[in-house]
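Working notes for the structure below.
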Amino acid sequence: MLDLKYVRDNLDQVAQMLKDRRMDMDLQQFAALDEQRRAILSQVESLKHERNKASEEISVLKRERRDASERIEQMRQVSQKIKDLDQDLSGIETRFQEILLRIPNVPHASVPVGADETANPVVRTWGEPPRFDFAPKPHWDVGEGLGILDFERAAKITGARFALYWGMGAALERALITFMLDTHTGHHGYTEVLPPFIVNSASMTGTGQLPKFEEDLFKLRGFDYYLVPTAEVPVTNIHRAEILEDQDLPRYYTAYTPCFRAEAGSHGKDTRGLIRQHQFNKVELVKFVKPETSYDELESLLTNAERILQELGLHYRVVNLCTGDLGFSAAKTYDIEVWLPGQNTYREISSCSNFEDFQARRANIRFRRTGGKKTEFVHTLNGSGLAVGRTLLAILENFQNADGTVTIPPVLRPYLGNQDTIAAVHR
RNA sequence: GGAGAGAUGGCCGAGUCGGCUGAAGGCGCUCGCCUGCUAAGCGAGUGUGGGGUGUAAAGCUCCACCGAGGGUUCGAAUCCCUCUCUCUCCGCCA
């Protein structure tokens, strides 16, 4: 959520921002409601002031055993008026908040203006694509050939866009989760947390999934509960409605969770393989920092995520998302895209964002500087470190051998009984 | 799932028959005084959000907030209803 005063005083800039993001919103209604809201507010507040004073008078009259019925009768009317105005106000307030909650974040100055992902500049590239003396297969062929990925049975158990992992497939997924968490806690200073995988609507609103993106979520029938679409939601909301102390910042958290996404509007896209699932595993990095450090913190968060790919030996590039591709809550986002030789393309494997105070304002996460009187909103950041399923498929595609086996990256071998290869097993 | 108890400021804790209670008292914290050091002592201060005023900060002023929402009333932390959460006992259970 943007600062109300900022929007009020910079309507033109906000309108331009919406244009840059290729969004269309009616800000006139916002301005009108804002004006109405303040007009009624000052009216109702002066009436309440009157009521408070009369209340004191009445109490004095009563104590002195004098007649207060005339004053009470007057106040009966004032009270009714207050009630009516309060009702008007809450109606306006609701509509006003609804609009404010649907205005996206303002992109940082370093974010290029552009229409879509084709306008995302490449920031850097790491490593080289592997060379093959045979035609590399897509991971679904590799995985099914090895008997470690089973999409048919997953469809039977649940439906489309779910996966069943067997044997070394399941073990590799688990090894990746542990390796990622160990790296972030052991080398990057993050504290591991294991949050609930189900959250309420207040948490979803805090990080920006609600109210705008309800159709992307799985909601539990009969509850105000949703399955988490990313660990960002429960982990960022750890500090919702809290005031942190200066020395509490920065805070770095890492969490493994499964992620559940309805993938509304993506029918026909990435229907094969592990790329786009309703359920996938992810290790997330979340930071709470002071405003003046948040862009440095974004760079280091990105570096932390990149290290996983570097240690695994996977070639990737980093892109800076342009205004048309930037997420709703983000001020700036870097995507890390891993090379997939089986599909001859780069695919997103991590998204690292600085939300500045956008989420903090929604979730009311503040801090107080030492000796300071005023509270300020923290800046929140998060990034995948990494998407586990996509990492697994990248390994299958990049380290496949001509005989159909897959070589296990050395850093993962200690987690897999020091095995160096995944060989085929009949299922 | 059944029965009961509770939710007040950073913490503990009081609020009688609804009426100067934003909220006693204590602890903590901040500043000042005192003091070989430490401790103790003395004095003052110590919530959040919003509106108005102010170039801004400060200040001044008004409104709201005693788990959340609604109701009764001239007036609610105090009465009523609904919900949420916490605790105790019983049952069930990974």
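Every heavy atom of this structure was used, including side-chain atoms; hydrogens, water molecules and symmetry mates were not. Labels below follow one simple rule: chain letters A, B, ... track the order of the sequence lines, proteins then strands, and each chain is numbered from 1.
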If you measure from the [atom1] atom in [N] to the same atom in [M], how many Å do you get, rounded?
N	M	atom1	value
B/U78	B/G1	P	28 Å
B/U86	B/U48	C1'	24 Å
B/C31	B/A39	P	14 Å

- Message: Is the distance from the ring center of A/Phe30 to that of A/Phe96 below 6.0 Å?
- Response: yes
- Would a line drawn from the ring center of A/Phe288 to the ring center of A/His239 be shorter than 6.0 Å?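 Judged by ring-centre distance (under 6.0 Å), A/Phe288 and A/His239 do meet the cut-off.
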Using whole Å, report how far [atom1] of [X] lies from [atom2] of [N].
X	N	atom1	atom2	value
A/Asn364	B/U48	CG	C1'	9 Å
A/Arg51	B/C74	CZ	P	11 Å
A/Lys48	B/C74	NZ	C1'	15 Å
A/Leu47	B/C74	CG	C1'	14 Å
A/Glu245	B/G47	CD	P	14 Å
A/Lys374	B/G47	NZ	P	16 Å

Can a side chain N or O of [X] be found less than 4.0 Å away from OP1 or OP2 on [N]?
X	N	result
A/Asn52	B/A64	yes
A/Arg71	B/G75	no
A/Ser46	B/G51	no
A/His49	B/C62	no
A/Arg368	B/G47	no

Can you tell whether the side chains of [X] and [Y] come within less than 4.0 Å, N to carboxylate O?
X	Y	result
A/Glu311	A/Arg307	yes
A/Glu376	A/Arg369	yes
A/Lys290	A/Asp246	yes

Nearest to the side chain of [X], heavy atoms from C-beta on, is which of [options]?
X	options	result
A/Ser79	B/U48, B/G50, B/C74	B/C74
A/Glu45	B/G52, B/G19, B/C63	B/C63
A/Lys83	B/U72, B/C74, B/A58	B/U72
A/Tyr225	B/G50, B/C74, B/C85	B/C85
A/Arg76	B/U48, B/G75, B/U73	B/U73

